[in-house]
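Here the structure comes first, spelled out in C-alpha cells, and everything after it is commentary.
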Amino acid sequence: MNWQSDFNTIEVSFAPTLEAWYEYHKRDLPWRHTRDPYLIWLSEIILQQTRVAQGKPYYERFVEAYPTVANMAAADERELLRLWQGLGYYSRARNLHQTARYVTKDLDGKFPDTYSELLKMKGVGAYTAAAIASFAFGERVPVVDGNVYRVLARVFGIEEDITTTGAKKTFSALATRLIQSAHDPATYNQAIMEFGAIQCTPVSPDCLLCPLQQQCAAYLTGRQHLLPVKAKKAPVRERFFNYFIFRIDGKMAMRERTDKDIWQNLHDFCLVETDEPKALLRTIPLPESVEKLVERSILVEPPVTLTQLLSHQRIRATFYLMDVTEGDLNSLPVGLNWYTYKEISQLPKPVIITNYFGDLLG
DNA sequence: AAATCGGGGAG
DNA sequence: CTCCCAGATTT
C-alpha cells in the first residue's frame with residue numbers, strides 16, 4: 001500500500017467514523033427535532049458566531065413569537081430587534097426580517113430548497129446555505145465552519161492560516177471530498193461540528209478518547225495545540241462616548257442609530273464622541289444644539305462610566321443624567337425624540353445602555 | 001484581501 | 001488577559 005492509497009483510506013473512513021461517534025455523543029438540541037427549513041434557517045442565523053448555550057434561549061423565544069416564516073414576515077422590524085437584543089451582530093436580525101418577507105412575498109411562502117437558491121438569501125452565506133440544504137433537504141454539500149476548520153486542520157495536518165482566502169478553498173475542497181463517503185450528509189455535517197464542539201475542542205482536546213486518534217496528523221506529531229493556524233487579530237480601537245440623557249416629566253430623549261457604525265437601528269441617547277476620555281463636562285466640545293440644551297439643564301447625579309468590549313472596539317461610555325428645567329420641549333437636537341419609560345423599555349437597545357439602566361428598564 | 005459587525009464564556 | 005464561537009457583508 002503506497003502513501004496515496006493510504007491517504008485515501010483515511011478520507012474514506014473519516015465520515016463514517018464521525019457519524020458513528022455522533023450517534024453516541026450527540027446533544028439533544030431543540031433545532032435537531034425538526035426538518036422545517038424555516039426553523040433550521042432561524043437556528044443557523046442565531047448560531048452564527050454564537051455559542052449554542054448563548055443562542056438556545058433566543059431560538060426558543062423566536063420560535064414562540066414567530067412559529068412560521070409568514071409570522072416573522074408580518075412582524076415589525078423593531079420587534080425583531082427587541083427580541084434579538086443582547087445577541088450582537090444586529091444585521092443578522094435585520095436580514096432575518098428582510099429574508100422572511102422575501103420568502104413570504106416573492107417566493108409565495110415556499111422556502112428555497114437547494115444550496116444555490118438558499119445562497120441568494122440575505123444573511124445566508126456558504127456555511128448557512130450548506131447547513132440548511134443538508135439538514136432540511138438532504139443535499140450532499142459540506143458545512144465549513146470554525147469547528148470544521150479545526151477538525152480538518154488537525155486530522156489532516158493542514159498548516160495554512162485559516163483566515164486566508166486560499167485556506168477557505170483548501171478546506172472546502174477537502175470537505176467536499178470527505179462528505180462523499182458519508183452515509184447521510186445531514187448526519188455527517190452535524191457530526192463534524194458536534195465533534196469539534198465537544199471532542200476536538202480549541203483548548204485541551206480530548207485526544208485520549210478520540211476515535212480518530214491513530215489517524216490524526218496533529219496527534220501523531222504532538223501538534224494538536226498548534227492547529228489550526230490562525231493569524232492574530234488587530235488590536236481593538238478605543239472609543240469614548242459621552243452620553244447626555246435629557247430627562248423631563250417622566251420622559252427621556254433617545255434616538256435610533258442610523259449611521260454606518262455599530263448598533264445600527266438600536267436606540268441610545270444624545271451622543272458626543274471624543275477622541276480621548278473627558279472627565280469634566282465643560283471640556284467636552286458640544287454641537288450648538290446640544291450645548292443650548294445642556295445650558296438649560298442640571299446634572300442630577302455624578303456621571304457614570306461603563307465599559308463595553310466588542311470584537312474590534314472598546315467603548316468607554318460616560319453617562320450624564322440631565323434634568324431639563326425650562327424651555328421648548330419640541331426643540332430637541334436632530335434625531336432625538338422624547339420617550340416615556342414604558343416606551344423605552346420596549347425599544348431595542350445596546351447592552352451598554354441596558355446595563356446603565358440596570359434593573360429599572362429592560 | 002482586509003475590515004467590520006457583539007456579546008459572552010472558558011481558561 | 002486571550003481566544004473563539006453552527007459567519008456574512010462591505011470596502
Side-chain angles (χ1 to χ4, degrees), chain A residues 22 26-27 29-32 40-59 81 84-96 98-99 118-135 142-151 161-169 171-172 175 186 188-198 200-205 225 228-237 239 257 259-266 306-315 348-355:
Chain A
Y22 178 69
K26 65 180 175 187
R27 292 168 292 180
L29 300 174
W31 45 85
R32 288 182 174 161
I40 291 170
W41 164 69
L42 173 60
S43 72
E44 292 301 337
I45 300 298
I46 288 174
L47 291 170
Q48 285 170 5
Q49 291 293 286
T50 304
R51 293 171 185 279
V52 165
Q54 188 187 2
K56 191 171 161 183
Y58 284 84
Y59 175 78
L81 278 168
W84 197 271
Q85 179 174 295
L87 199 52
Y89 287 153
Y90 296 94
S91 66
R92 290 185 292 171
R94 298 191 300 271
N95 290 334
L96 205 59
Q98 184 176 334
T99 295
L118 288 161
L119 208 47
K120 295 176 181 174
M121 306 196 301
K122 271 287 199 315
V124 174
Y127 162 76
T128 305
I132 303 170
S134 61
F135 300 159
V143 293
V144 182
D145 74 334
N147 291 303
V148 174
Y149 277 118
R150 184 169 57 257
V151 172
D161 175 359
I162 64 170
T163 65
T164 65
T165 313
K168 187 179 176 67
K169 294 177 67 176
F171 284 85
S172 296
Y188 165 70
N189 276 338
Q190 294 275 9
I192 189 168
M193 289 192 289
E194 190 79 337
F195 184 76
I198 50 188
C200 193
T201 50
V203 181
S204 56
H225 62 293
V229 175
K230 188 174 184 178
K232 282 182 220 167
K233 299 178 298 185
V236 301
R237 176 160 68 117
R239 298 180 73 179
R257 295 178 60 87
D259 295 348
K260 197 183 71 178
D261 197 355
I262 55 173
W263 304 329
Q264 242 182 70
N265 300 82
L266 274 61
L306 301 178
T307 300
Q308 175 77 41
L309 199 58
L310 282 51
S311 297
H312 294 69
Q313 307 179 18
R314 185 207 313 277
I315 311 292
K349 300 173 287 294
V351 161
I352 197 168
I353 301 296
T354 57
N355 283 348

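By convention in this document, chain letters (A, B, ...) are assigned in the order of the sequence lines, proteins followed by strands, and residues within each chain are numbered from 1.
- Bounding nucleotides for the chain A contact on DNA chain B, 5' to 3', at a heavy-atom distance below 4.0 Å, are dA1(B) to dG9(B).
- Separating the P atom of dG11(B) from that of dA6(C) is a span of 14 Å, rounded to the nearest Å.
- Nucleic acid contact for T128(A): sugar-phosphate only, since backbone atoms but no base atoms lie under 4.0 Å from a heavy atom of the residue.
- Here L87(A) lies in heavy-atom contact (under 4.0 Å) with a base.
- Between dC4(C) and dC5(B), the distance separating the two C1' atoms is 15 Å to the nearest Å.
- At a threshold of 4.0 angstrom between heavy atoms, the contacts of V148(A) with the nucleic acid are absent.
- A donor and an acceptor atom, one from each side chain of Q190(A) and R32(A), are located under 3.5 Å apart.
- The distance from atom OH of Y188(A) to atom P of dA6(C) is 16 Å, rounded to the nearest whole Å.
- Residue whose closest nucleotide on DNA chain B sits further toward the 5' end, between G166(A) and V203(A): G166(A).
- Distance check: K122(A) NZ to S91(A) OG gives 11.0 Å after rounding to the nearest 0.5 Å.
- In this structure, the side chain of S43(A) engages the main chain of I40(A) through a donor-acceptor pair within 3.5 Å.
- Here dC1(C) presents its C1' atom at 11 Å from CG of L309(A), a figure rounded to the nearest Å.
- Nucleic acid contact class of W84(A) (heavy atoms, under 4.0 Å, all strands): none.
- For the pair Q313(A) and T165(A), both in contact range of DNA chain B, the more 5′-proximal nearest nucleotide belongs to T165(A).
- Note: D145(A) CG to Q49(A) CD = 9.0 Å, rounded to the nearest 0.5 Å.
- Note on G86(A): only backbone sugar-phosphate atoms sit closer than 4.0 angstrom, heavy atoms only; bases stay farther off.
- Within the nucleic acid shown, R150(A) comes within 4.0 Å of sugar-phosphate atoms alone, with no base atom in reach, counting heavy atoms only.
- At a threshold of 4.0 angstrom between heavy atoms, the contacts of Q308(A) are confined to the sugar-phosphate backbone, with no base atom among them.
- If you measure from atom NZ of K120(A) to atom P of dT9(C), you get 15 Å, rounded to the nearest angstrom.
- Regarding I45(A), its CD1 atom lies at a distance of 12 Å from the C1' atom of dT9(C), rounded to whole Å.
- For the pair N189(A) CG and dG7(C) C1', the computed distance is 15 Å after rounding to whole Å.
- One atom, CD of Q54(A), and another, P of dC4(C), lie 17 Å apart when rounded to the nearest Å.
- Side-chain contact, Y127(A) with Q48(A): no donor N or O sits under 3.5 Å from an acceptor N or O.
- Checking dC5(C), dG7(C), dA6(C) against the side-chain heavy atoms of Q48(A) singles out dG7(C) as nearest.
- Comparing the C1' positions of dA8(C) and dG9(B) gives a spacing of 23 Å, expressed to the nearest Å.
- A sub-4.0 Å separation between OP1 or OP2 of dC5(C) and a side-chain N or O of Q49(A) is absent.
- Checked by atom type, the side-chain pair N147(A)/R150(A) shows a donor-acceptor distance below 3.5 Å.
- Contact annotation for A126(A): backbone-only contact, meaning every heavy-atom pair under 4.0 Å involves sugar-phosphate atoms and none involves a base.
- dT9(C) and dG8(B) are spaced 23 Å apart, taking the C1' atom of each and rounding to whole Å.
- Within the 4.0 angstrom heavy-atom criterion, no nucleotide atom of any strand lies near S91(A).
- Taken to the nearest 0.5 Å, the CG atom of L118(A) stands 11.0 Å off from the CH2 atom of W41(A).
- V351(A) comes within contact range of the sugar-phosphate backbone alone, with a heavy-atom separation under 4.0 Å but no base atom that close.
- R94(A) contributes no side-chain N or O that, together with a main-chain N or O of N265(A), makes up a donor-acceptor pair within less than 3.5 Å.
- The separation between E194(A) atom CD and dA6(C) atom C1' is 10 Å, rounded to whole Å.
- Using a 4.0 Å heavy-atom cutoff across all strands shown, K233(A) reaches at least one base atom of the nucleic acid.
- Nearer the 5' end of DNA chain C, as judged by each residue's closest nucleotide, is the contact made by R27(A), out of N95(A) and R27(A).
- Each of L96(A), I45(A), T99(A) was evaluated against M121(A); a single residue qualifies, T99(A), per the side-chain contact (heavy atoms from CB on, under 4.5 Å) test.
- Taking atom CG of L96(A) as the reference point, atom C1' of dG7(C) lies 14 Å away to the nearest angstrom.
- Counting non-hydrogen atoms under 4.0 angstrom, D261(A) reaches the backbone sugars and phosphates but no base.
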